[in-house]
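What follows is one structure encoded as structure tokens, with my remarks underneath.
The chains referred to below are lettered A, B, ... by the order of the sequence lines, with proteins before strands, and numbering in each begins at 1. No hydrogens, no waters, no symmetry mates; every other heavy atom, side chains included, goes into these values.
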2 protein chains.
Amino acid sequence: MAERAHHGGELRLRIGEAAARAGVSERTLRYYEEIGLLSPAGHSVGGCREYGPAELARVTRIRELQELLGLELDEIRGVVAREDRIDTLRDAYRRSEGDEERRAILLEALQTTEALYLRVSARVERIAAFRDELAETISRYRTWLAGEIPQPERPAAV
Amino acid sequence: MAERAHHGGELRLRIGEAAARAGVSERTLRYYEEIGLLSPAGHSVGGCREYGPAELARVTRIRELQELLGLELDEIRGVVAREDRIDTLRDAYRRSEGDEERRAILLEALQTTEALYLRVSARVERIAAFRDELAETISRYRTWLAGEIPQPERPAAV
DNA sequence: AGAAATTCTGACGTTGACGTAAGCTGGCGC
DNA sequence: GCGCCAGCTTACGTCAACGTCAGAATTTCT
């Protein structure tokens with residue numbers, strides 16, 4: 001097995017295995033690093049990239065945003081950057097830092113998440129509407145197949 | 001006004017107006033024609049493209065498939081080609097042609113539509129799940145803002 | 001008719017998200 | 001030591017979906 005346990009006990013994969021598990025190419029992982037979207041958890045002595053579970057999860061998240069929402073990697077960087085700031089915030093809580101600053105970061109995260117939520121909601125509803133249209137079309141086809149004569153309806157929607 | 005009524009009484013727009021109403025560029029319309037995705041309803045004597053309501057509706061449909069479902073124009077051609085065959089079928093019904101052939105076309109249309117329906121359904125559910133995740137994140141943020149201390153939970157999903 | 005606006009047909013340019021190939025390097029198995 | 005595999009960097013190639021520009025032709029306005 002090519003896996004290897006880090007000194008902290010965390011699973012560390014080199015790029016080949018990491019790419020295979022995430023379902024992307026090695027080139028994709030290097031490219032994500034190139035554009036500052038995802039850097040490996042660390043490097044081996046020889047300079048090989050090493051990825052942990054968090055990085056794999058992030059790849060999955062990136063692909064979701066890309067394929068499901070049609071976001072560009074550029075925008076996605078903003079989204080995951082926000083998530084990173086939240087992780088930072090979690091640490092800040094534990095280290096009990098400036099309260100005012102914490103509120104600000106949290107508020108900003110709340111707002112950007114809500115904005116994303118609205119986008120996703122709108123998208124979900126449009127696609128659901130499209131799906132319902134398809135369902136109607138299907139039942140219409142079924143009716144026709146049962147022997148009915150189709151109406152030459154043309155709503156001519158513009 | 002740049003509009004003009006066709007001899008059949010149908011609205012005919014030249015490429016500029018058509019593109020504006022459909023919310024795309026002129027180049028896009030010409031490109032769609034280039035790849036056999038959408039041809040104008042007709043041409044003027046001098047060779048200018050003329051688009052009717054049906055073509056505008058088709059552009060809208062194409063953009064839906066492209067943006068909402070992330071389909072490539074290549075695949076979309078298949079989908080709209082099927083819709084065209086259905087229109088043809090409607091005419092065939094009126095001209096009362098071969099019954100066996102009609103059933104075959106209708107059955108094929110039903111199947112491809114059902115296949116598309118499944119794709120769309122799957123997509124809708126994945127996006128809805130993502131939206132729900134966001135909703136949870138938001139309420140978590142709200143709780144934190146209300147004074148709670150965040151838990152350093154890391155599911156480490158792979 | 002003549003000017004102005006729109007459209008036509010090529011043809012080349014662009015952008016995002018990688019693919020691919022070349023040449024070099026580090027660790028291992030025998 | 002030697003071969004081999006996986007990985008590294010660098011750099012050019014690709015593909016879809018248009019954008020853009022030039023120069024000629026069409027349509028509209030006055």
Handout entry: Backbone N/O of A:V24 and side chain of A:T28: donor-acceptor pair under 3.5 Å
Key = no
Practice task
May I ask you to say what B:L73 touches in the nucleic acid, namely base, sugar-phosphate or nothing, with a heavy-atom cut-off under 4.0 Å?
Solution key: sugar-phosphate
Handout entry: Integer-rounded Å distance: D:dC18 P and B:E34 CD
Key = 11 Å
Completion exercise
Closest of C:dT7, D:dT26, D:dG19 to the B:S44 side chain is D:dT26
Fill in the blank from the handout: A:R27 atom CZ is separated from D:dC12 atom P, nearest whole Å, by 13 Å
Exercise for the section: Would you kindly compare B:Q66 and B:C48 by the position of their nearest DNA chain D nucleotide and give the one closer to the 5′ end? Expected result: B:Q66
Exercise for the section: Send over the distance from A:L29 CG to D:dG7 C1', rounded to a whole Å. Expected result: 13 Å
Exercise for the section: Name the residue closer to the 5' end of DNA chain D, choosing between B:E26 and B:G47 according to the nucleotide with the nearest heavy atom. Expected result: B:E26
Handout entry: Shortest side-chain distance from A:R30, nucleotide among D:dG7, C:dA17, C:dT7
Key = D:dG7
Handout entry: Donor-acceptor contact below 3.5 Å, side chain B:R142 vs main chain A:L110
Key = no
Practice task
Apply side-chain contact (heavy atoms from CB on, under 4.5 Å) to the pair A:L69 and A:Q66, showing each step before the final yes or no.
Solution key: CA-CA 6 Å; A:L69 302 187; A:Q66 192 183 12; over 6 Å; no
Handout entry: Separation of D:dC8 C1' from A:H43 NE2 (nearest whole Å)
Key = 10 Å
Handout entry: Sugar-phosphate, base or nothing in reach of A:R77, heavy atoms under 4.0 Å
Key = nothing
Fill in the blank from the handout: Of the candidates C:dC8, D:dG7, D:dC18, the side chain of B:Y31 sits closest to D:dC18
Practice task
Answer whether the closest heavy-atom distance between the side chains of A:E55 and A:E50 falls below 4.5 Å.
Solution key: no
Completion exercise
Between A:V45 and A:T28, the residue closer to the 5' end of DNA chain C by nearest nucleotide is A:T28
Practice task
Check every atom of C:dC18, D:dT28, D:dC8 against the side chain of B:R14 and return the nucleotide holding the closest atom.
Solution key: D:dT28
Practice task
Answer yes or no: does a side-chain N or O of B:S25 lie under 4.0 Å from OP1 or OP2 of D:dG19?
Solution key: yes
Practice task
Decide whether B:T112 and B:R82 meet the rule of one side-chain donor and one side-chain acceptor closer than 3.5 Å.
Solution key: yes
Practice task
Quickly work out the B:E67 CD to D:dA16 C1' distance and round it to whole Å.
Solution key: 15 Å
Handout entry: Atom-to-atom span, CG of A:L71 to P of C:dA17 - whole angstrom
Key = 10 Å
Practice task
Measure from CD on B:E72 to P on D:dC18 and round the result to the nearest Å.
Solution key: 12 Å
Problem - Residue A:R49, side-chain heavy atoms: nucleotide from C:dG19, D:dC18, D:dC8 that is nearest - result: D:dC8
Exercise for the section: Give the rounded distance in Å between these two atoms: CG of B:D74 and P of D:dA17. Expected result: 7 Å
Handout entry: Shortest side-chain distance from B:Y32, nucleotide among D:dC18, D:dC8, C:dC18
Key = D:dC18
